[in-house]
Amino acid sequence: MLEVSGIRTGYDGVEVVHGVDLSVSKGETVCVLGANGAGKSTMLRAIMRQLPLWGGSVQFLGRRLTGAKAFVPAHRGMGYVPEGRGMLASLTVRENLEMGAYPLRAQASFTVNLERVLSLFPALVPRLEHAAGNLSGGQAQMLAIGRALMGSPKLLLLDEPSLGLAPQIVGQVYAVLGQLKIAGQAILLVEQAVGKALALSDRAYVLDRGRVVLSGPCKEVKNDKLLRDAYLGL
Ligand SMILES: Nc1ncnc2c1ncn2[C@@H]1O[C@H](COP(=O)(O)OP(=O)(O)OP(=O)(O)O)[C@@H](O)[C@H]1O
Ligand SMILES: [Mg+2]
């Protein structure tokens, strides 16, 4: 489904991601783990065409995204939940969800998608007409995921959905990701919350200073001594 090969990118001429290979198959949940500053968000931004590729290529559903216009990933079925959630704070919760339905392919299923999002995140229902800026962190994360789901994504890409949330709320968010996975949703998840991400995912990649240092089925990655000592603090 997603085939990333040898991508390189960075900021202001300074390379941060040094040739990353990664893939996600249909129905698969894949996580990318790594410490603060490892380059996880930068990698996702490059995959989503929000940063220029300095090398390598990104293919989605057999077609190159490299060089495509910035709206193309969303239209082809990539639903992105950015770090920090990226809510439009002055719009209502409902309007934020409506914004998520902008890919043409999602507009016919708007009503069905909205019902589905509200049943996954019932906490949003009484807040539909409230400004998104007034939501708690957990509610804002639910809205960010809901907004991505409004675009009928074939692949859902999430950047640290647990960031800044209380453990109980993290549990709720991951319970929903588990439901999506069971329903067949392909997911690419970037996380520092290693335990939750490994428990949810099928395969994992570990990123260190912009390079993949370990990858494989979560069961194997979880037991890797190097990883436990050096990267995960387990
Ligand atoms: N907008 C930016 N401009 C310049 N440098 C940046 C920018 N964003 C990130 N960096 C740098 O790129 C490197 C990788 O950062 P990135 O945010 O991708 O890491 P991360 O793995 O997502 O970390 P975290 O877990 O803290 O979110 C870091 O050295 C960071 O300082
Ligand atoms: Mg990040």
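When a ligand or atom number is given, it counts from 1 through the structure's own listing order.
- The ligand atoms of ligand 1 that sit less than 4.0 angstrom from a heavy atom of N36 are 23 (O), 24 (P), 25 (O), 26 (O).
- In the displayed structure, E129 atom CD is contacted under 6.0 Å by more than 12 heavy atoms of other residues, nucleotides or ligands.
- Look at A35 and you'll find a heavy atom under 4.0 Å from some atom of ligand 1.
- Nearest to atom 11 (C) of ligand 1 among the protein's heavy atoms is Y11 CE1, 4.0 Å.
- Judged by distance alone, the side chains of Y11 and T42 do bring a donor and an acceptor atom under 3.5 Å apart.
- At a distance under 4.0 Å, a protein heavy atom can be found next to atom 15 (O) of ligand 1.
- Classification of K196 and E191 as a salt-bridged pair fails, no side-chain N sitting under 4.0 Å from a carboxylate O.
- Counting heavy atoms from C-beta on, the side chains of V81 and Q141 come closer than 4.5 Å.
- Ligand 1 places these atoms under 4.0 Å from at least one heavy atom of E160: 24 (P), 25 (O), 27 (O).
- Distances from the Mg ion (ligand 2) to the N/O/S atoms of E83 are shortest for OE2.
- Residues S23 and E3 form a side-chain contact, since some pair of their non-hydrogen atoms from C-beta on lies under 4.5 Å apart.
- Contact check for M48 versus L157: side-chain heavy atoms found under the 4.5 Å cut-off.
- At distances below 3.5 Å, not a single donor-acceptor pair connects side-chain atoms of R209 with backbone N or O atoms of G39.
- When only interatomic distances are considered, the shortest N/O to N/O separation between D12 and ligand 1 does not fall below 3.5 Å.
- Between D159 and R45, none of the side-chain N atoms (NZ, or NE/NH1/NH2) sits under 4.0 Å from a carboxylate O, so this pair counts as no salt bridge.
- At under 3.5 Å, not a single nitrogen or oxygen of V16, backbone or side chain, sits near a nitrogen or oxygen of ligand 1.
- Interface of Q192 with ligand 1, defined as ligand atoms under 4.0 Å from a residue heavy atom, comprises 24 (P), 25 (O), 26 (O).
- Among the atoms of S41, an N, O or S atom is found under 2.8 Å from the Mg ion (ligand 2).
- Considering backbone and side-chain N/O of G39, one or more are found under 3.5 Å from N/O of ligand 1.
- Between T42, V190, V14, D208, it is T42 that holds the heavy atom closest to atom 18 (O) of ligand 1.
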